[in-house]
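Single-structure report; data block below.
Starting from 1, each residue takes its place in the sequence as its number.
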Amino acid sequence: MSRWSRNLSGVTAVVALASTLAVGGPPGASSAETGRLRDYLVFYPGGGHDRAVAAIGAAGGTATATEPRLGYVAARGPGDRFVERLAASGAVAGVSSDRAIGFAASAPALPAGASAFAAIGPRDSRTGGAGHAAGAASRAGHAGRAAQPASRTGRAAPAAEPLASRQWDMKMIGATATGSHATAPGSRKVLVGVIDTGIDGKHPDIAPNFDRALSRNFVTDRPKDSTGATLDGPCEFTGCKDPVDWDDDGHGTHVASTIASPVNGLGVAGVAPGVTLVNLRAGQDSGLFFLKPSLDALTYAADAGIDVVNMSYYIDPWLFNCRANPADSKAEQLEQRGVITGMQRALDYARKRGVTLISALGNESTDLGRPRTDTESPDYPADAQRTRRIDNSCLNVPAESKGVISVAALGPSKRKAYYSDYGVEQTDLAAPGGDELDGRGIDETRTILAAAPEHALRAQGLISRDGRPTSPSVIRDCHGGTCAYYQYLAGTSMAAPHATGVAAILISRFGKPGKGGLTMPPADVQRLLYATASKRSCPSPRRFVYHTGGAGDAQTCEGTRDRNGFYGRGIVDAARAATVRP
C-alpha cells in the first residue's frame, strides 16, 4: 500500500511502512556487490544520445536499449563504480537503477492517540484503512430506502447508494445523489488512469466502470529482493505477471473506488460514478514503486489518450531527492538526479499530450517548504537509513514535480489531517483524506470508506471463512445476491482521488472529442479545479497544535485565504464543478 495512506483497526493505528523505489546500489554495499553487473536508466541532455552511449562504454558498461520519448538509455554496468564514472561525464543528466532494491515492513502498533505515521503511499504511512463499522456487515438488500428528491433538472435524482451515509467525504465536496451525481456524474468517454498497485476490476462496485482492454500491468512480481528477503511473496500467476484486473495490495482498488465506483445499488459511489477506470499498474504486490514502471505508465497514459491520472505514491528509495546534497556520495547524488529528471520528463510528456496529473502530497506532517532532515532514506538494504540534513532544494517526487497538482488531506471537520504534509509552494488543493483523531477520541469512521479486494482482505485475516468481516475496518454490503467488501483507509492517498474525480467531472463537461474519447488541456482543467475549489483560510491561531503526542504536532499555516499551506487554493468541490461555466 502507498505510504500516502494508513490502515487503522479498532483504537490502535498500524502503519504499513515500505519503499517505493527505483534507484541504484545501496550505501554500505560490499565490493563484490558494487562490481556486480546491474541494469540502469541513463538519462541524457537533449540531443545527447550518442555522447551518453559513448560515456556508458567509457565507464565500463553496455547500452542495451534507448527510450527516445524520455531521453534515456537502458544500460548494464558494474555497480557503484559504473555510476561514479558516469558522474564525471557531462553527457549524463542522471542515472537510476532499474532493479528492485527494497522490501515492505510493518511498524509496531502505536498507543491510542499516538501519531499514526512514520513515512508517505505504501516507508510512507502506506495505505491504510481505518475502520470502525457500526456493525461488521451492513444489512443485505437495503430494502425500504426513502425515495430521493428530484434534481434541479426536474428528473428524478439517482438513489443514494446503500453505504452513502458513511461517506462524509462525498458530502463535504457535494458528490452525492442530490449533488453532482444528479447533474454531472461523468462521461464514460473520460478515461481515468490509476497509477498504483492495481485495480480489482472484478469487484462488483468497480467492474461496471473498468476498462480491461486499455489497462496495463507494468510490473512483474518479485518474490524475493536482492538479499533474499521476502518482497512480493509467492507468485499468484504464471510468469509472476498479475492480470490487469488484479490487486493484491488493495490500495489501488480503494483509490479507484473513490474516483468512480458506479451508482448501481451496491455499496458506495465515487466522485464521478460515470467515468471509465483504467489500471496503469506501477506498484509491486508489496506496495513498492520502481521508477521505470512509473515512467512506462505515464508514457502509456499519454499515448493511449488517458485524460487524468492519480498518483498516490512516491518514488524511492529517497523520501527526498537531492541533486547535490553533500551528505550523499557522488553515485547517490546522480541516482537522485535520475529520479528527478526521469519523472519530470515522463510527467512533461504526459501533460503535453493532454494528461492532467494529480498526486498525493505526503503523510509526514512536514512543511515541504522547510524540510530539515530525512531520517527515512535510503531504505535499502535493511537499516541503511541515516539522518540527512536537507533543504528546500530536495524534492518529494512526484508531489513536488512541475505540472503536478498535489493534494493535502482533511478530516471531517475540514481541519488539515494531522499527518498530511503542507506548504505554501507545495499544496495546490485539499480534499477529504480522513483523520481518526478529528474529534473526541479515536473513531475510524472519520476516515475514508471505499472498495477493497476480497482476496486481499482474506489474506490479511480481515474476513472469516464464511465471509464475515473480522475487523470493524471492513464493511460487507450485499444486494440482489451479490456481496462486496469495503475498507476504511486514511491518508493523502485517499485525498488525491477526490481531486481526480472532480477533474474527471470537468473533463466530462468541457472536454472535446479526441484520442480515447474526450480531451481537455491540463492547464484548463487545473484552472477550473482551482476556480471551483472552496476557499478556506488558515486556522486561528496559525500555529495549530494537534495533541497526538507526535513530534510534528505543532504545524504553522502560512499564506492567504486564496492560497495557503494547509488548503492550497481551497477544498475541491464536485458540486461547483458540476455547475461552473468555463
Side-chain angles (χ1 to χ4, degrees), residues 1-8 13 15-18 20 115-130 169 172-173 194-197 251-252 254-255 258-259 271 283 287 289 309-315 319-320 357-368 371 376 395-401 404-412 414-423 426-438 446-448 450 488-503 546 550 552 555 565-569 571-572:
M1 310 213 121
S2 164
R3 282 182 202 109
W4 278 304
S5 57
R6 295 154 26 263
N7 189 358
L8 303 165
V15 180
L17 307 179
T20 292
S115 177
F117 57 87
I120 5 188
R123 212 188 24 247
D124 71 28
S125 302
R126 247 171 164 151
T127 83
D169 52 319
M172 179 186 292
I173 67 172
V194 178
I195 305 181
D196 215 294
T197 61
H251 186 264
H254 196 281
V255 165
T258 297
I259 297 168
V271 177
F289 290 77
V309 296
N310 189 94
M311 300 175 288
S312 288
Y313 67 95
Y314 71 84
I315 304 295
L319 175 60
F320 288 94
L357 308 164
I358 297 181
S359 172
L361 189 60
N363 293 348
E364 300 289 332
S365 43
T366 296
D367 181 349
L368 294 176
E376 304 293 332
L395 303 177
N396 184 299
V397 178
E400 293 189 83
S401 299
V404 175
I405 300 168
S406 296
V407 187
L410 308 178
K414 296 185 180 179
R415 79 174 192 182
K416 186 190 77 66
Y418 66 91
Y419 55 79
S420 179
D421 287 348
Y422 58 101
Q426 295 79 15
T427 306
D428 294 311
L429 292 167
D435 184 343
E436 69 281 3
L437 303 179
D438 187 8
R446 297 175 191 146
T447 64
I448 308 300
Y488 281 105
L489 304 180
T492 54
S493 276
M494 283 61 254
H498 288 85
T500 299
V502 176
Y546 286 92
Q555 301 176 30
F566 278 17
Y567 299 96
R569 276 81 169 182
I571 303 171
V572 297

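- Using a 4.5 Å heavy-atom threshold, the side chains of Leu429 and Arg569 count as touching.
- In this structure, Ile405 CD1 and Ser359 OG are separated by 10.5 Å, a value rounded to the nearest 0.5 Å.
- Counting only heavy atoms from C-beta outward, the side chains of Tyr567 and Leu410 approach each other to under 4.5 Å.
- Judged by distance alone, with hydrogens and angles left aside, the side-chain atoms of Asn363 form no donor-acceptor pair with the main-chain N or O of Tyr419 at under 3.5 Å.
- Rounding to the nearest 0.5 Å places CD1 of Ile358 at 8.5 Å from CD1 of Ile259.
- Heavy atoms only, all atoms of each residue included: Ala408 and Phe566 are closest at CB-O, 3.8 Å.
- Going from atom OG of Ser420 over to atom CD of Gln555 covers 8.0 Å, rounded to the nearest 0.5 Å.
- Contact detail for Ala450 and Thr258: the closest heavy-atom pair is CB-OG1, 3.6 Å.
- Side-chain contact between Tyr546 and Lys416 is present, with at least one heavy-atom pair separated by less than 4.5 Å.
- Taking the side chain as every heavy atom from C-beta outward, Met311 and Val404 approach each other to under 4.5 Å.
- A 4.5 Å side-chain heavy-atom check between Asp438 and Tyr418 finds every atom pair outside the cut-off.
- For the atom pair His254 NE2 and Thr197 OG1, the distance stands at 11.5 Å (nearest 0.5 Å).
- Of all non-hydrogen atoms in Arg446 and Glu436, the two that sit nearest each other are NH1-O, 2.8 Å.
- When every heavy atom of Ala409 is checked against every heavy atom of Gly433, the shortest pair comes out as CB-CA, 3.9 Å.
- Residues Ser406 and Gln426 form no side-chain contact, since every pair of their non-hydrogen atoms from C-beta on lies 4.5 Å or further apart.
- At a threshold of 4.5 Å between non-hydrogen side-chain atoms, the residues Arg415 and Asp435 count as touching.
- Put simply, CG on Asp196 and CZ on Phe289 are 4.5 Å apart, with the number rounded to the nearest 0.5 Å.
- When the side-chain hydrogen bond (donor to acceptor under 3.5 Å, both in side chains) test is applied to Thr500, the partners found at least two apart in sequence or on another chain are Asn310.
- Contact of the His498 side chain with the Met172 side chain is not registered, since no non-hydrogen atoms from C-beta on lie closer than 4.5 Å.
- In summary, of the residues considered (Thr366, Leu368, Asn396, Val407), a side-chain contact (heavy atoms from CB on, under 4.5 Å) with Leu361 occurs for Leu368 alone.
- In terms of heavy atoms, Ala496 sits closest to Ser312 at CB-OG, 3.8 Å.
- Of all the heavy atoms in Ile173 and Pro432, the pair that sits closest is CG2-CD, 3.8 Å.
- Within the 3.5 Å criterion, the main-chain N or O of Gly362 finds a donor-acceptor partner in the side chain of Thr492.
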